[in-house]
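Model, not experiment: these values are computed from the prediction.
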Amino acid sequence: MKIVVIGSGTAGSNFALFARKIDRKAEIIVIGKEKTMQYSPCALPFVLSEKIPKLEDIVVFPNSFYEKQKIQLMLETEAKEINRERKVVITDKGEVSYDKLVLATGSRAFVPPIKGVENEGVFTLKSMDDVRKIKAYIEERKPKKAVVIGAGLIGLEGAVAFRELGMEVLVVELLEHLLPTMLDKDMARIVQQHLEEKGISFRFGVGVSEIIGSPVKAVKIGDEEIEADLVLVATGVRANIDLAKKAGLEVNKGIVVNEYLQTSDPDIYAIGDCAEVFDAVTGKRTLSQLGTTAVRMAKVAAENVFGKNVKFKPVFNTAITKLFDLEIGTFGMTEERAKREGINVVVGKFKGSTKPEYYPDGKPIHIKLIFRKEDRKLIGAQIVGGERVWGRIMTLSALAQKNATVEDIVYLETAYAPPISPTIDPITVATEMALRRFK
């Protein structure tokens, strides 16, 4: 069997490795625009802040590793067209035939049509090349005032990086609060306060209408001009669907796939940021543009290419980050989104400590749990705290994936030791608060 993968990022690279584990003889070819195979885009802000010393450190495996696995690499190569009748991919370096094709075309930074957005000193933060350009600009221009457009994950991680490099930072967000797809306003306020204490400023409910100067000198918000000598545009990403659309495959916001990750052509699969899957709560189609999702998709698609018929489960989009010394973990439905979707929910909230009250150095932790009223199932959680958020959000996400109810969680067996956690875990207390609200 000859398998061709378009895309050398997280999804494409992992698919190639999973496929090779399953079948030692299949011919596997990866076509990618970049010079290297998989690197970690999530690590880019931490390279920018110099927590990770070198950009090259975020490359997962050298190209030679894949070649040793007898995976043929066609890097710095662009796929121009897919001819489904002939089963060939047409690239800028010739044609490549396939038996099965995997689209791992990823996503691109969305840049809104702001006047002056093409000016010198305006950047996105999506690729290794973006980091190279920002670092070179900082080295040359020594910027002191940065404006970040967008208060999502990348925007906030970029804002933290600029602040750690000594810049004044302003974050501008069109919506009412930061991390609007991940947190409710009450939880977002805790994060905002922490970031403001660290010196980052915010403007909500407004947009940047113009970027002035090249190199940039200021941004315009309404009638107000605010000084800036570096601008980061972090207004989200868009799935790369052009190649699939041109080939006549079904697309929406992403490439439409079934539960086996097949596109509308059964010999073509789509995985990673470009693929449109199903939301675990609403059952509607959604994008899940996370590295963890890309790896899971890669594994499922590899098994299905070889006829194993494994289903890719609907997603809760479990995510975590750390901003300065504050950890934020979320998954599933927010209370605000539930209202928009017409889902009746019961909420449990608790503010506690990561350790028993008598033990020194415990850190505050805020937990918000969202239960669907009709069946009492956990459909979302938000945790903000000074430590140990990861383990708790992972536990809750796993419970939600197993359809846990409020009763399942309130009687959950937990672990306790004074230096690590309280006798009654904060997630149990938050669940008790929700249980009291059920009628």
Side-chain angles (χ1 to χ4, degrees), residues 7-14 17 32-68 73 75-76 106-109 120-148 150 152-169 171 191 194-195 197-200 215 229-234 237 273 289-292 294-295 319-329 386-390:
S8 59
T10 302
S13 295
N14 277 283
L17 293 174
K33 289 183 183 179
E34 300 211 43
K35 294 180 180 180
T36 66
M37 292 289 279
Q38 177 193 358
Y39 60 86
S40 174
C42 297
L44 295 173
F46 305 99
V47 177
L48 198 56
S49 67
E50 300 177 351
K51 282 189 172 70
I52 299 171
K54 300 195 303 290
L55 193 55
E56 294 71 24
D57 291 343
I58 69 171
V59 176
V60 178
F61 297 116
N63 294 346
S64 58
F65 174 80
Y66 298 89
E67 290 164 350
K68 286 177 183 176
L73 306 184
L75 300 179
E76 297 182 86
S107 59
R108 63 187 180 280
E120 185 183 353
V122 182
F123 302 95
T124 55
L125 186 52
K126 184 71 170 70
S127 68
M128 292 176 76
D129 200 41
D130 287 336
V131 172
R132 291 187 189 99
K133 289 175 182 176
I134 296 170
K135 288 176 80 72
Y137 185 84
I138 290 172
E139 181 67 27
E140 180 185 353
R141 292 281 176 180
K142 308 288 190 295
K144 292 182 171 56
K145 296 183 178 181
V147 169
V148 177
L153 268 182
I154 293 297
L156 293 185
E157 289 171 351
V160 168
F162 293 140
R163 186 67 189 136
E164 288 176 332
L165 292 172
M167 299 181 211
E168 292 180 34
V169 182
V171 179
V191 180
H194 178 77
L195 296 180
E197 288 171 357
K198 298 290 187 179
I200 295 175
D229 39 21
L230 186 152
V231 173
L232 176 66
V233 179
V237 299
D273 282 10
Q289 294 169 323
L290 299 166
T292 48
V295 173
I320 192 163
T321 191
K322 187 173 183 179
L323 304 172
F324 295 113
D325 48 4
L326 190 70
E327 298 176 4
I328 301 117
E387 62 182 358
R388 300 196 175 94
V389 168
W390 179 84

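- For the residue pair Ala234 and Val148, the shortest heavy atom distance occurs at CB-CG1, 4.5 Å.
- No option in Leu73, Leu75, Asn63 other than Leu75 meets the side-chain contact (heavy atoms from CB on, under 4.5 Å) test with Ser8.
- Here Phe123 pairs with Tyr137 under the ring-ring contact (aromatic ring centres under 6.0 Å, His included) rule; sequence neighbours left out.
- The heavy-atom pair separating Arg132 from Leu55 by the smallest distance is CG-CD2, 3.6 Å.
- More than 12 heavy atoms of other shown residues, nucleotides or ligands fall within 6.0 angstrom of atom CD in Glu197.
- Distance check: Gln38 CD to Ile58 CD1 gives 10.0 Å after rounding to the nearest 0.5 Å.
- Side chains of Glu67 and Met37 form no contact here, defined as non-hydrogen atoms less than 4.5 Å apart.
- Checked against side chain to side chain donor-acceptor pair (under 3.5 Å), Thr36 has no partners two or more places apart in sequence or in another chain.
- The shortest side-chain heavy-atom distance between Pro45 and Leu125 falls under the 4.5 Å cut-off.
- Residues passing the ring-ring contact (aromatic ring centres under 6.0 Å, His included) test with Phe61 are Phe65, sequence neighbours excluded.
- Residues Lys198 and Asp325 come closest through the heavy atom pair CE-OD1, 3.8 Å.
- Side chains of Leu44 and Lys126 form no contact here, defined as non-hydrogen atoms less than 4.5 Å apart.
- Proximity of a side-chain donor or acceptor of Glu327 to a complementary backbone N or O of Val389 within less than 3.5 Å is detected.
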Practice item. Tell me, with the steps shown, if Ile200 and Phe324 meet side chain to side chain contact (heavy atoms under 4.5 Å, CB included). Key: CA-CA 11 Å; Ile200 295 175; Phe324 295 113; 3.8 Å; yes
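- Between the side chain of Asp229 and the backbone N or O of Lys142 there is no donor-acceptor pair closer than 3.5 Å.
- One finds the CD atom of Glu76 at 9.5 Å from the CD atom of Glu34 (value rounded to the nearest 0.5 Å).
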Practice item. For the pair Ile134 and Phe162, evaluate side chain to side chain contact (heavy atoms under 4.5 Å, CB included) and give the outcome as yes or no after the intermediate values. Key: CA-CA 10 Å; Ile134 296 170; Phe162 293 140; 4.1 Å; yes
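- Under a cut-off of 6.0 angstrom, the local environment of NZ in Lys33 is sparse, with at most 12 non-hydrogen atoms contributed by other residues, nucleotides or ligands.
- Here CD1 of Ile154 is found 8.5 Å from OG1 of Thr321. Values are rounded to the nearest 0.5 Å.
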Practice item. Could you walk me through whether Asp129 and Lys35 pass the side chain to side chain contact (heavy atoms under 4.5 Å, CB included) test, one step at a time? Key: CA-CA 11 Å; Asp129 200 41; Lys35 294 180 180 180; over 6 Å; no
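- Between Arg163 and Leu195, every side-chain heavy-atom pair lies at or beyond the 4.5 Å cut-off.
- In this structure, the side chains of Pro143 and Leu165 stay at 4.5 Å or more apart for every pair of heavy atoms.
- The minimum heavy-atom distance between Cys42 and Glu157, with the atom names listed, is O-OE1, 4.4 Å.
- The backbone N or O of Asp273 lies less than 3.5 Å from a partner atom in the side chain of Gln289, making a donor-acceptor pair.
- The nearest pair of heavy atoms linking Ile328 to Leu323 is CD1-CD1, 3.6 Å.
- Here the NZ atom belonging to Lys51 is positioned 8.5 Å from the NZ atom belonging to Lys322, to the nearest 0.5 angstrom.
- Taking all atoms of both residues into account, the shortest heavy-atom contact from Gly386 to Leu326 is N-CD1, 4.4 Å.
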